[in-house]
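Report on one structure; see the data block that follows.
Letters go in sequence order (proteins before strands), and every chain restarts at 1.
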Amino acid sequence: MLYGFFLADCIRIEDFPKGEIEAIFHLADKLYPFSKAGTDIAKNRILATLFYEPSTRTRLSFETAMIKLGGSVISVEDAKATSSFAKGETIADTVRTVENYCDIIVMRHSLEGAARIAAEFASVPVINAGDGAHQHPTQALLDLYTIRREKGKIGGLKVALCGDLKYGRTVHSLAYLLAMFGAEITLVAPTQLRYPQEIREKQERDFGVKFTEKYNIADALDSDVIYMTRVQKERFPDPLEYEHVRGSCLLTKELMQNAKKGCIVMHPLPRVDEIDHEIDREPGAVYFRQAGYGVPVRMALISHLLGLKA
Amino acid sequence: MSGLQSDGGLKVSRIENGIVIDHIPAGRGLKCLSVLGLQNPKGSIIVAINVPSKRQGRKDIVKLENISLADRVLNKLALIAPAATINIIKDGAVVGKKHASCPAKVSGIVRCNNERCASRNERDARSSFSLESSEPLVLRCDYCERTLQENEILEQISA
């Protein structure tokens, strides 16, 4: 389904022109009060979640968004456990069946590019809720919306992206959006988990910006936003090496006390111990509110793709 | 185009009208044919494989008599034989010469090397790449966005 110049699906963040993101955020602002109170603009519409990989948080967020819009949800929580998957049913066949039962599909899959295949074969909008190590566009959108909401702007802000910048799909997409909207980006990661050079050069080139690189959070405390990600133990075969590097990627209470006034701390969650739990009570600890912003953003995205009038 | 003669008297004759693809790396002539998709040609196809070449030592040649092909089809040769010369023949004379330039989109010719790419694991998917760079030749998978480098492309084509 096409709506004028707007996108028909949400597959990768790079498909969104800046104007369309601004339109979605404007709609999210409008729908924000209804993310608790509810509305009925999606009455009689059905959202289907097809999750081939588990994800409680993302799935619940999408389901809540649709219910708050006044629509209904049909869910396949564990699509790999279904008889169709066991029989080897393709993504193409699955979506062409499921689209008979719904108006929009949200899919998470372990294969990279799976959402794109779904979108090619489905005649209803498809939202990519994560395809392997490839993309998770709605996470990037809600992250950017969080910054805009909490800081009142994006352009000109200093944002430090910290932790696993090599394998973290969310930081690659968020960096893309931050560069698009004029934020100054500092990359903070141990050498082994540095931001991929190829992606960095392309983003710097595309937006005419220059990223700064640091190796310790202590060197990025002049940031307006500190975005934390978890450094996974599995990435380090040598446990001693892991212990050595993770120290540079922990946000302690002491570090937070020296952070810039008004600095906010974000995390895509789940977190382990990369953020000191004592920081949770600080006004700048935004990570749980960040998860909450996922609802109005997803409400806006669903409305946008279905052409609903808010 | 001159005929070629070995001591055994083998000759590749001229064509009056059509296309001659010359200077194909030896051994890739049949692959070129496959990529051009000429399963039911209207005209004749002549292939010379591993014939002598002053420039290359050995080469393949493909002659398509009374067959015309759109540029977007001929451009697929850029993946397999980027240095090949495409000669347009009319009334026995070469009326045009060009080289293939890689199209912006390449589908169904090479496959993604990423084992986690859906295009490799889904029966209904066809590989699809966008041209990232012509020199060196780099393709980017439209599904997983990993790149395929020139040496990887040639490795697949030559297999």
Side-chain angles (χ1 to χ4, degrees), chain A residues 9 11-15 50 52-53 79-80 84-85 87-97 99 107-123 126 128-137 140 166-167 169 172-173 175-176 196-199 201-203 205-206, chain B residues 34-35 37 70 72-73 75-76 78-80 82 101-157 159:
Chain A
D9 308 283
I11 304 301
R12 55 193 278 271
I13 207 66
E14 290 83 358
D15 293 336
L50 272 180
Y52 290 81
E53 277 199 319
K80 276 188 173 159
S84 349
F85 185 85
K87 288 168 190 166
E89 185 174 61
T90 61
I91 293 169
D93 281 2
T94 301
V95 298
R96 281 181 291 192
T97 305
E99 69 182 12
M107 190 168 95
R108 172 169 282 202
H109 202 286
S110 60
L111 292 177
E112 297 166 32
R116 180 173 162 139
I117 290 184
E120 282 175 358
F121 285 91
S123 63
V126 172
N128 182 9
D131 58 338
H134 182 222
Q135 291 252 353
H136 190 359
K166 184 177 179 183
Y167 298 104
R169 64 184 171 188
H172 302 163
S173 296
Y176 174 89
Q197 190 68 12
E198 190 189 302
I199 300 177
E201 283 172 358
K202 186 171 192 317
Q203 289 172 346
R205 202 168 50 236
D206 287 350
Chain B
S34 150
V35 150
R72 61 172 174 77
V73 175
N75 281 336
K76 291 180 187 178
L79 291 177
I80 306 165
S101 54
C102 191
K105 284 277 183 205
V106 175
S107 292
I109 300 175
V110 286
R111 74 168 187 182
C112 185
N113 273 353
N114 175 14
E115 286 178 1
R116 298 299 305 157
C117 182
S119 69
R120 281 183 63 144
N121 291 276
E122 272 289 298
R123 194 185 56 224
D124 298 295
R126 200 163 175 245
S127 69
S128 177
F129 293 86
S130 296
L131 180 67
E132 176 96 341
S133 149
S134 303
E135 302 249 359
L137 183 61
V138 178
L139 299 176
R140 188 174 290 279
C141 177
D142 289 333
Y143 291 99
C144 70
E145 299 186 85
R146 305 275 184 105
T147 52
L148 204 58
Q149 306 297 318
E150 187 161 349
N151 61 310
E152 294 170 308
I153 296 165
L154 287 174
E155 205 177 299
Q156 283 193 37
I157 301 287

query = Going through the distances and angles, do Ile153(B) and Leu137(B) end up as a side-chain contact (heavy atoms from CB on, under 4.5 Å)?
reply = CA-CA 9 Å; Ile153(B) 296 165; Leu137(B) 183 61; 3.9 Å; yes
message = Could you measure the distance from the CG atom of Asn75(B) to the SG atom of Cys102(B)? Nearest 0.5 Å is fine.
response = 8.0 Å
Partner residues of Ser110(A) under the side chain to side chain donor-acceptor pair (under 3.5 Å) criterion, sequence neighbours left out = Arg116(B)
inquiry  = Counting only heavy atoms from other residues, nucleotides and ligands, does the tally under 6.0 Å from CD of Glu115(B) exceed 12?
reply    = no
task = Assess whether side-chain contact (heavy atoms from CB on, under 4.5 Å) is satisfied between Asp93(A) and Arg123(B), documenting all intermediate values.
result = CA-CA 10 Å; Asp93(A) 281 2; Arg123(B) 194 185 56 224; 3.9 Å; yes
message = Using only atom types and a distance under 3.5 Å, with no angle test, would you say the side chain of Glu14(A) pairs donor to acceptor with the backbone of Tyr176(A)?
response = no
message = Apply salt bridge (charged side-chain N to carboxylate O under 4.0 Å, His left out) to residues Glu198(A) and Lys202(A) and explain how you reach the verdict.
response = CA-CA 6 Å; Glu198(A) 190 189 302; Lys202(A) 186 171 192 317; over 6 Å; no
Residues which pass side chain to side chain contact (heavy atoms under 4.5 Å, CB included) with Ala92(A), listed by chain and number, not counting sequence neighbours = Thr90(A), Arg96(A), Phe121(A), Asp124(B)
key: Side chain Arg12(A), main chain Asn128(A), donor-acceptor under 3.5 Å   = no
inquiry  = Which residues in residues 125-133 of chain B have any heavy atom closer than 4.5 Å to a heavy atom of chain A?
reply    = Ala125(B)
task = Tabulate, in ascending numerical order, the residues of residues 141-149 of chain B having at least one heavy atom closer than 4.5 Å to a heavy atom of chain A, or enter 'none'.
result = Asp142(B), Tyr143(B), Cys144(B), Glu145(B), Arg146(B), Thr147(B)
